[in-house]
Amino acid sequence: MKVIIGFIPLSLYFGLGAGVPLWLCLIIPFSIAGVKIAVAAHSLWDYEKRGLVYNENEISRCFWIFVGAFLAAAYGLPAVGIVLPVALSGGIMAAFILAGAAGLWKILKFTKYREMNQQLLQQITNQMDTVTQVVIKQSRKMISMDTGITSNRKGFEYLNELFIKRHRKILWRSSEKITAICFFLVLGALTALLLKPEAKEEVNQLLLVYLPYFVFIMYAINRGTGFTRALFINCDRSLLTYSFYKKPDMVLKLFRIRLREIMKINLLPAAVIGGGLAGLLYVSGGTENPLNYAVLIVSVTCMSLFFSIHYLTIYYLLQPYNAGTEIKSGTYRIVSSVTYFVCFLMMKVRMQLLLFGVICIVFCVAYSIVACVLVYRFAPKTFRLRN
């Protein structure tokens with residue numbers, strides 16, 4: 001029912017708009033549902049005959065080849081101008097509907113659901129345990145096991161410094177690589193402008209209105225998610241089992257320390273990008289308002305600080321992981337998805353550099369204040385292991 005209801009308006013809108021007959025648009029959703037029902041019925045029949053439980057997480061290589069071939073036919077043939085006649089398409093879809101009707105009868109009459117699902121759930125549980133162990137093992141491979149790593153600091157500062165040193169490969173080295181790539185891209189762009197002066201005016205105009213585009217770029221290179229995931233797997237997953245670790249003063253103190261560290265990690269590429277954009281603006285012809293150079297550097301830096309604060313804040317307020325390192329917070333997923341879509345949509349925005357830069361700076365400062373207040377008030381209650 002979900003498939004049929006969801007596909008009917010889409011098949012009518014796109015189908016009729018493309019000149020597809022109404023009757024064909026109407027049977028498309030039913031044919032899709034028919035295929036799904038027929039496949040489900042076949043899995044039940046296979047269980048009765050051979051005792052095999054169909055698991056969507058363990059699809060065989062032959063099945064993937066089968067799926068790949070049909071996807072290639074579905075998208076590849078129309079791309080080269082080969083399409084099925086309307087009558088043949090209708091006949092195939094009608095056959096799918098009939099197969100679904102026959103499958104529905106099997107689904108309604110099947111009597112071994114409990115027996116089959118017990119086996120299926122056992123498989124899934126074993127797979128989850130295996131995946132968890134693989135994630136933890138891979139994470140530990142990225143940690144330095146050098147016993148010589150130590151710190152002269154005390155308390156949470158000691159804990160944080162050891163964490164940063166042991167995770168340098170996935171935190172600082174990753175940031176350093178991104179910074180190096182950004183540096184060479186900026187250098188290449190500056191060289192191109194010097195070798196091709198006729199492009200300067202166009203580049204200059206782009207820089208003066210395309211600053212919103214860099215919101216998505218800063219989102220993409222930010223290390224916030226990697227930082228918080230490493231924090232949980234290799235630190236908080238164990239320490240959150242202790243009551244002292246969840247005391248308000250402890251939570252807030254460690255939050256400030258970690259915020260400082262992730263800001264430092266993300267500021268490295270941000271400084272290169274901001275400085276590089278200011279350099280490109282100058283080489284491409286400059287600007288009448290010198291304030292644009294400062295706004296360009298500061299706004300990119302603020303974008304970096306925003307994502308650092310944002311990801312650490314939602315980690316503390318929504319702590320999405322359970323002891324098995326699985327994300328169990330739907331709210332966390334929604335916030336992450338909304339963050340992505342907003343950043344993606346910013347690529348479509350065109351606004352004068354000075355105006356957008358000032359808006360960006362003010363927003364980042366305001367968000368930082370609000371985030372810190374929220375963490376102060378709620379994190380001691382929300383920063384816990386998920387069930």
Side-chain donor/acceptor of [X] to backbone N/O of [Y], under 3.5 Å:
| X | Y | value |
| --- | --- | --- |
| R114 | T111 | no |
| T382 | Y316 | yes |
| N222 | N266 | no |
| S31 | I97 | no |

So [Y] and [X], do their side chains get closer than 4.5 Å, heavy atoms only?
| X | Y | answer |
| --- | --- | --- |
| V86 | V20 | no |
| V215 | F356 | yes |
| I273 | I221 | yes |
| L211 | M351 | no |
| I92 | L84 | yes |

Looking at [X], I'd like to know if its [atom1] atom is crowded, meaning that more than 12 non-hydrogen atoms belonging to other residues, nucleotides or ligands lie closer than 6.0 Å.
| X | atom1 | result |
| --- | --- | --- |
| E198 | CD | yes |
| Y210 | OH | no |
| F156 | CZ | yes |
| E176 | CD | yes |

Ring centers of F70, F66 separated by less than 6.0 Å: yes
Row check, F227 ring normal vs R258 NZ/CZ: under 6.0 Å, within 45°: no
Audit row: M346, F216, side-chain contact (heavy atoms from CB on, under 4.5 Å) steps and yes/no: CA-CA 7 Å; M346 292 305 294; F216 186 80; 5.8 Å; no
Joint hydrophobic cluster, Y293 plus I297, side-chain heavy atoms closer than 4.5 Å: no
Linked, directly or transitively: L231 and I265 (ILVMFWY side chains, under 4.5 Å): yes
Interatomic distance, I217 atom CD1 to C182 atom SG [nearest 0.5 angstrom]: 8.5 Å
Closest non-hydrogen atom pair, L24 against G90: CD1-CA, 3.9 Å
Stepwise salt bridge (Lys or Arg N to Asp or Glu O under 4.0 Å) check, E261 with K264: CA-CA 5 Å; E261 294 300 327; K264 286 160 57 178; 3.6 Å; yes
Geometric class of the F306/H310 ring pair [parallel <30°, tilted 30-60°, perpendicular >60°]: parallel
Donor + acceptor pair across side chains of Y47, E115 (<3.5 Å): yes
